[in-house]
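Written below as structure tokens is the structure these notes are about.
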Number of protein chains: 2
Amino acid sequence: MNDRQKLMQREILLGFWKVHILHHAGEGPVVGHWMLQELRHHGYDVSPGTLYPLLKRMEKNGWLSSEQDLKKGPKSPKRYLLTNEGRQVLALAKQQARELCRETTPSDTEDGEQ
Amino acid sequence: MNDRQKLMQREILLGFWKVHILHHAGEGPVVGHWMLQELRHHGYDVSPGTLYPLLKRMEKNGWLSSEQDLKKGPKSPKRYLLTNEGRQVLALAKQQARELCRETTPSDTEDGEQ
DNA sequence: CTCTTTCATTACGAATACCATAAACGATAA
DNA sequence: TTATCGTTTATGGTATTCGTAATGAAAGAG
């Protein structure tokens with residue numbers, strides 16, 4: 001991964017894939033390790049030291065809930081799901097994302113056009 | 001500002017308005033103090049302690065360049081402009097933002113539709 | 001049964017970023 | 001002179017990010 005990508009990652013993209021995470025958690029249970037790979041597929045390079053604390057924080061914030069089968073050991077997969085609060089946060093975030101797109105890319109339906 | 005908004009701000013929205021800043025800097029010189037108000041108008045509550053270091057960091061990253069008329073004192077307005085590197089970063093960020101929107105909102109033109 | 005690999009999380013410490021608030025400075029208005 | 005506005009810098013506590021290493025169970029190879 002090049003330098004620009006790395007700087008962007010921390011400064012900007014980080015916030016983007018947090019939204020991705022919420023979105024995924026809204027469609028079904030997500031597991032940290034799986035998310036790690038999913039993000040890599042999308043070109044993000046995330047370290048466990050970033051993702052796992054993030055997941056915990058989102059749970060603490062009330063955006064996600066988790067369940068883990070502790071009978072299968074302390075390192076058994078933890079499944080995260082979007083809560084109602086998380087759903088609202090996601091909705092707001094998506095709205096802001098759309099606004100960001102709208103404002104930063106010239107639209108054909110805006111005035112001042114032609 | 002309520003609790004949810006505050007958490008979202010740091011976790012997610014922060015990254016969004018960094019893109020806004022780059023965008024603005026691409027359209028003309030931006031000044032920290034002005035940006036601070038601009039962001040407030042858009043409902044973001046940003047403190048100087050966040051914004052000014054950010055601007056400096058973006059300059060250090062090569063995304064922005066700044067000019068200041070020091071004859072008018074050390075606290076005279078600093079005008080930031082988007083660099084070429086910044087332009088590329090902005091382009092990538094916009095692309096990712098669009099992808100975020102595309103993936104998180106069901107599109108009418110995707111397969112699996114209807 | 002032992003060894004290795006894979007799936008998955010936790011732990012940790014250094015570097016960085018965020019935030020509220022205070023201080024500073026010049027200009028302008030009262 | 002004093003106050004206010006526009007503007008940046010300074011500062012210190014707290015929270016995030018990151019790379020890496022440790023841990024543990026399960027599954028496959030031999």
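Only this structure's heavy atoms are used, side chains among them; waters, hydrogens and symmetry mates stay out. In the text below, chain A, chain B and the rest are named by the order of the sequence lines, each starting its count at 1.
Counting heavy atoms from C-beta outward, A/His24 and A/Met35 have side chains that approach closer than 4.5 Å. Considering only heavy atoms from C-beta on, A/Leu51 comes within 4.5 Å of A/Ile21 through its side chain.
In this pair, A/His42 and A/His20 present their aromatic rings tilted. The plane angle is within the 30 to 60° band.
Taking 4.0 angstrom as the limit, B/Arg57 places none of its side-chain polar atoms (N or O) nearer than this to OP1 or OP2 of C/dT16. Here B/Lys18 reaches the OP1 or OP2 of C/dC18: one of its side-chain N or O atoms lies under 4.0 Å away.
As rounded to whole Å, 13 Å separates atom P of C/dT9 from atom CG of A/Leu54. One atom, CG of A/Leu70, and another, P of D/dA26, lie 13 Å apart when rounded to the nearest Å. Between the C1' atom of D/dA15 and the CD1 atom of B/Ile12 lies a distance of 16 Å, rounded to the nearest Å. Per the geometry, CE belonging to A/Met58 stands 9 Å off P belonging to D/dT17, to the nearest Å. For the pair A/Glu38 CD and C/dA8 P, the computed distance is 14 Å after rounding to whole Å. Between A/Asn61 atom CG and D/dA15 atom C1' the separation is 12 Å, expressed in whole Å. Rounded to whole angstrom, the span from the CG atom of B/Asp69 across to the P atom of C/dC25 amounts to 18 Å. The separation between B/Met8 atom CE and C/dC19 atom P is 14 Å, rounded to whole Å.
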Tabulated below should be each protein N or O lying under 3.5 Å from an N or O of nucleotides 8-10 of chain D; please produce it.
from, atom 1, to, atom 2, distance (Å)
D/dT8, OP1, B/Lys78, N, 3.1
D/dT8, OP2, B/His33, N, 2.6
D/dT8, OP2, B/Tyr52, OH, 2.4
D/dT9, OP1, B/Lys78, NZ, 3.1
D/dT9, OP2, B/Lys56, NZ, 3.3

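One side chain, A/Gln96 or B/Tyr44, offers a donor N or O that lies under 3.5 Å from an acceptor on the other. With hydrogens and angles left out, the side-chain atoms of A/Gln88 and B/Arg4 include a donor and acceptor closer than 3.5 Å.
Across all strands, B/Leu14 comes closer than 4.0 Å only to sugar-phosphate atoms, never to a base (heavy-atom distances).
For A/Glu11, whose side chain is taken as the heavy atoms from C-beta onward, the closest listed nucleotide among D/dG19, D/dT17, C/dC18 is C/dC18.
Put simply, the side chain of B/Ser65 never gets that close to the backbone of B/Thr83: no donor and acceptor are under 3.5 Å apart.
Aromatic rings of B/His23 and B/Trp17 (six-membered ring for Trp) have centroids beyond the 6.0 Å cut-off, not under it.
The residue among B/Gln37 and A/Pro53 whose nearest nucleotide of DNA chain D lies closer to the 5′ end is B/Gln37.
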